[in-house]
Amino acid sequence: MDFRILGTLEVIADGGDGEIRGAKLRTVLGLLLVHPNQPVSNDALIDAIWGDAPPPSAVGTLQTYVYQLRKALGPDVIRTGPTGYALDVPTERIDAYRFEHAVMARVEQPETVAERLTQALGWWRGAALADFDGAEWARTEAARLELLRIDATERLIDARLTLGEHAAVIPELETLTNRHPLRERFYAQLMLALYRSDRQADALRVYARLRDLLRDELGLDPSRELGELERAILAQEPELDRPALISAASPAINKVRVSKWPHYRGAAIALAATIVVGASAFAFFAASSHRARATTDLTPSGYQVRYRAVPCPKNPTVRDLPTDSSELCGVLTVPENRARPRGRTIDLEVFRFPARVTRPAADPVVQVGGEFVASALPADTALRTHGDSIYLAGRGFYGSSPRLTCPEVNAAMSASLGRTVRDPRTTSDLAAAVRKCRARFTARGIDLAAYSAAERATDVRDLAVVLRLKRINLIAARTMTIEAREIAGRYPSLVRSVTLFDVVPPEANPWNGEIANATGALDRFVGECLNEPTCARAYPHLRRQIEDLYNADQAAPLAFVEENPWAITPTRIPVLLDGDRVLELTLDALNQGNAALVPAAIATKNGDAAAQFAAAALTTPDDTSWGALMSRNCIDLFGSVSLAGLDIEAKATPHLGFLADDPLLRMCAAWHTPPTRTFAPGPAGTPTLIMIGALDPNTSLDWAQQTAVSFGHTTIIQLPHTGAVDSTVDSCVQRLRSDFLANPTRAIPTNACARAIAPVTFAGA
């Protein structure tokens with residue numbers, strides 16, 4: 001008995017057509033076919049059949065449907081489990097899985113590739129799961145299969161070009177570029193086919209057609225790789241006649257652009273969905289021991305991804321994640337630059353913390369991160385009540401090989417604490433340190449432009465491929481929320497939900513608007529004091545006191561020598577407290593939840609205590625991954641910064657003007673990494689929860705609203721009396737997050753616990 005879902009659902013029995021009648025009966029079978037040999041819960045089946053309005057007899061009626069399917073298919077085809085049912089059939093009897101196996105198989109000879117993919121594409125009879133078009137579960141699987149279909153088509157054309165069938169593929173490629181007007185790889189193939197058919201002018205017209213479309217609709221130019229192909233055609237380069245040209249270039253010429261045309265947008269978002277191989281989740285993590293094992297996967301773009309299990313670190317440092325006996329570890333190996341799949345590779349450590357519930361969800365939580373910085377989130381017990389928790393090291397950061405550390409920058413940053421904040425020597429010293437560090441990396445052949453949000457997003461997708469993860473829940477904070485948006489935008493069918501703390505909008509820059517954010521937080525902080533009677537009596541003019549202290553210390557800075565608490569080898573560093581640095585510490589206190597200490601500290605003017613705090617708050621560990629931070633900042637964060645806008649903000653609020661003169665902003669000029677801010681489209685429809693703190697001086701409600709626009713299905717919760725949101729200790733945050741993870745599409749009782757957060761109790765008031 002064969003099952004077909006590459007079109008409408010069909011059952012082909014040994015004696016003929018085994019037709020399954022009835023829409024609800026077919027829905028049960030369709031959902032079981034999408035997850036063969038895996039249990040599908042009663043709740044999922046009932047939701048697929050009746051949606052939000054199941055009848056009281058839903059469980060009994062579902063049992064009747066299963067009974068009817070067993071009569072039609074055989075008594076042993078559907079297995080009853082503790083909470084649902086599973087379809088027990090060999091996956092080779094399902095056309096979608098036969099197709100997937102044919103597409104993912106590693107075949108080298110172009111003749112065999114062409115034969116295999118021609119046969120596989122012939123199994124399609126229309127859109128996958130066509131008779132379930134309105135169902136969310138069907139749309140997700142259909143998008144995945146459609147991606148496989150398009151990838152198979154591209155690879156088939158590559159093989160035919162290699163075999164010399166240039167003229168024969170031109171009509172098909174003309175149709176494909178019209179059907180998929182933003183798929184650059186089809187344009188590249190068409191240009192090459194035309195050129196090899198002695199139609200150089202027509203090949204150049206294809207490029208001009210795409211260029212005009214992108215400029216008119218998006219204000220963009222074709223990719224650099226496609227531009228290089230145009231220049232090669234103009235120069236009639238000899239390598240254009242080499243059969244492997246497109247195969248080698250295809251990973252780069254495979255980008256999706258999203259048009260403002262509605263009928264293109266849906267297709268583009270579908271094409272940005274991930275290709276995830278279905279099987280049991282965490283198949284390669286499952287060993288209870290830590291014996292090394294390895295696997296290799298070929299991604300849809302044609303490059304290799306390797307994964308191997310490794311022993312977890314035995315001697316954790318302050319930079320390691322908190323560990324426990326259940327932790328499992330591995331290493332993901334991916335190309336440094338996917339446009340050059342045979343070039344350098346990067347090893348990224350993977351930490352998995354198994355769920356602490358008897359029936360964990362199949363979709364794990366994946367934390368988007370950069371430097372570990374003693375993060376407790378992946379090991380967070382409350383988080384693991386949903387399912388497994390995974391932390392993938394960010395490329396270039398701790399847990400990555402290579403790791404891009406810059407001791408020169410660390411030394412320059414520490415030295416800057418002994419000067420006033422706006423001393424011009426800081427900018428020049430940092431620029432020299434940045435250039436020296438960058439020269440070391442480039443001498444080693446490291447491609448710094450590859451350490452971007454786009455590449456890190458595909459790292460997550462590739463991890464999902466090798467671990468056989470069909471869906472994940474993303475969690476991110478601060479600037480890493482940009483990366484979470486990139487993942488969800490590029491691979492929407494992979495991402496079940498997104499939880500963001502203290503967001504930075506993808507199209508904004510953390511330095512543009514930072515003065516406004518800090519001003520708002522200070523106003524709310526002063527308001528907290530004035531609304532609390534004892535604080536209001538003790539500090540009736542708190543805002544003026546803050547500005548007076550700023551003016552006094554700006555005119556006569558205080559000098560101290562303090563120990564650097566982050567140094568691997570203890571060192572003492574000079575600290576100069578001018579007004580800018582005092583306000584920097586004040587904002588840091590609001591951010592870290594120490595707002596209650598600020599009024600008393602200002603009133604007593606305890607400079608020595610402030611200097612000790614400065615040494616802890618403003619220095620960085622000796623092994624900070626400055627190279628990765630610089631690449632991320634210069635590529636993903638500074639592309640839209642307006643220096644003129646910063647100057648306007650600085651003049652409007654002089655005592656916070658130092659925020660606009662941050663030397664990190666100027667360091668990109670020395671880093672020389674070209675900005676590439678072509679972000680993926682917003683993941684419209686992905687359920688998203690955004691939580692921010694009302695006293696957070698770095699982000700704001702306005703930024704949360706800007707971020708929500710790009711997600712489309714978002715709940716925003718602003719927590720009162722709170723700085724940066726700490727998801728590891730705040731019970732309200734944990735409760736809201738758990739409710740959201742349990743059912744992201746259900747309305748959250750947003751302020752039930754937020755209103756219960758106690759006001760700030762001010763020290764000394």
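Each of Glu336, Arg456, Arg632 was scored for a side-chain hydrogen bond (donor to acceptor under 3.5 Å, both in side chains) with Tyr451, with one residue passing: Glu336. Among the candidates Leu500, Val503, Asp696, the single residue satisfying the side-chain contact (heavy atoms from CB on, under 4.5 Å) test with Arg478 is Asp696. Residue Met413 forms a side-chain contact (heavy atoms from CB on, under 4.5 Å) with just one option from Val409, Asn410, Leu417, and that option is Val409. For the side-chain contact (heavy atoms from CB on, under 4.5 Å) with Asp502, the qualifying choice from Val725, Thr481, Ile690, Asn698 is Val725, the only one to do so.
Between Leu214 and Leu182 there is a side-chain heavy-atom pair separated by less than 4.5 Å. Within the 4.5 Å cutoff, no side-chain heavy atoms of Leu210 are placed close to those of Glu230. Taking the side chain as every heavy atom from C-beta outward, Leu332 and Leu392 approach each other to under 4.5 Å. Leu463 is listed as a side-chain neighbour of Ile390, based on a closest heavy-atom distance under 4.5 Å. Put simply, the side chain of Arg485 does not reach to within 4.5 Å of the side chain of Thr686, judged on heavy atoms. Taking the side chain as every heavy atom from C-beta outward, Leu226 and Met191 approach each other to under 4.5 Å. Residues Pro364 and Leu469 form a side-chain contact, since some pair of their non-hydrogen atoms from C-beta on lies under 4.5 Å apart.
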**Request:** Assess whether side chain to side chain contact (heavy atoms under 4.5 Å, CB included) is satisfied between Asn473 and Thr499, documenting all intermediate values.
**Result:** CA-CA 8 Å; Asn473 300 283; Thr499 303; over 6 Å; no
**Item:** Residues Asp363, Lys470; criterion salt bridge (Lys or Arg N to Asp or Glu O under 4.0 Å); working and verdict
**Value:** CA-CA 7 Å; Asp363 45 271; Lys470 286 198 170 184; over 6 Å; no
**Request:** Could you walk me through whether Leu587 and Asn591 pass side chain to side chain contact (heavy atoms under 4.5 Å, CB included), step by step?
**Result:** CA-CA 6 Å; Leu587 296 176; Asn591 181 47; over 6 Å; no
**Request:** Kindly indicate, with the supporting measurements, whether the criterion side chain to side chain contact (heavy atoms under 4.5 Å, CB included) is fulfilled by Gln236 and Tyr195.
**Result:** CA-CA 9 Å; Gln236 298 183 347; Tyr195 178 81; 3.4 Å; yes
**Message:** Please evaluate residues Tyr207 and Ile233 with respect to the criterion side chain to side chain contact (heavy atoms under 4.5 Å, CB included), reporting the C-alpha separation (whole Å), side-chain torsions for both, the decisive distance (0.1 Å), and the verdict.
**Reply:** CA-CA 11 Å; Tyr207 179 85; Ile233 290 173; over 6 Å; no
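With hydrogens and angles disregarded, a donor-acceptor distance shorter than 3.5 Å links the side chain of Arg581 to the backbone of Arg419. Proximity of a side-chain donor or acceptor of Ser414 to a complementary backbone N or O of Ala411 within less than 3.5 Å is not detected. Checking side-chain atoms of Arg352 against main-chain N and O of Gly330 turns up no donor-acceptor pair under 3.5 Å. Under a 3.5 Å cut-off, the side chain of Ser400 and the backbone N or O of Pro402 do form a donor-acceptor pair. In terms of modelled atom types and a separation under 3.5 Å, the side chain of Gln189 and the main chain of Glu154 share a donor-acceptor contact. When atom types are taken as modelled, the side chain of Thr442 and the backbone of Ala439 share a donor-acceptor pair closer than 3.5 angstrom.
Here CZ of Arg403 is found 13.0 Å from CG of Leu348. Values are rounded to the nearest 0.5 Å. The line from CD1 of Ile150 to CZ of Arg183 is 5.5 Å long, rounded to the nearest 0.5 Å. For the atom pair CD (Glu514) and CH2 (Trp703), the distance works out to 6.5 Å, reported to the nearest 0.5 Å. Between the CZ atom in Arg444 and the CG atom in Asp447 there is a gap of 13.0 Å [rounded to 0.5 Å]. Atoms OG1 and CG, from Thr624 and Leu404 in turn, are 12.5 Å apart once rounded to the nearest 0.5 Å. Taken to the nearest 0.5 Å, the CG atom of Asp462 stands 14.0 Å off from the OH atom of Tyr307.
Shortest non-hydrogen contact noted between Arg461 and Leu494 is CA-CD2, 4.2 Å. Of all heavy-atom pairs spanning Gly627 and Trp671, the tightest one is O-CZ2, 3.5 Å. Here the closest non-hydrogen pair linking Asn337 and Ala339 is OD1-N, 2.9 Å. Counting all heavy atoms, side chain and backbone alike, Thr699 lies closest to Asn517 at CA-ND2, 3.8 Å. Contact detail for Ala457 and Tyr491: the closest heavy-atom pair is O-CE1, 3.7 Å. Ala488 approaches Val495 most closely through the heavy-atom pair CA-CG2, 3.8 Å.
Among residues two or more places apart in sequence or in another chain, the side-chain contact (heavy atoms from CB on, under 4.5 Å) test is passed with Ala477 by Phe501. The side-chain contact (heavy atoms from CB on, under 4.5 Å) check on Arg422 picks up Tyr550, Gln554, Asp580, Phe658, Asp661, with sequence neighbours excluded. In this view, Arg211 satisfies the salt bridge (Lys or Arg N to Asp or Glu O under 4.0 Å) rule with no residue, not counting sequence neighbours. Considering only residues two or more places apart in sequence or on other chains, Glu408 meets the salt bridge (Lys or Arg N to Asp or Glu O under 4.0 Å) condition with Arg440. Under the side-chain contact (heavy atoms from CB on, under 4.5 Å) criterion, Thr333 pairs with Arg306, Arg308, Val331, Thr345, Asp347, sequence neighbours left out. Take Asp459 and apply the salt bridge (Lys or Arg N to Asp or Glu O under 4.0 Å) test, not counting sequence neighbours, and it matches Arg338, Arg395.
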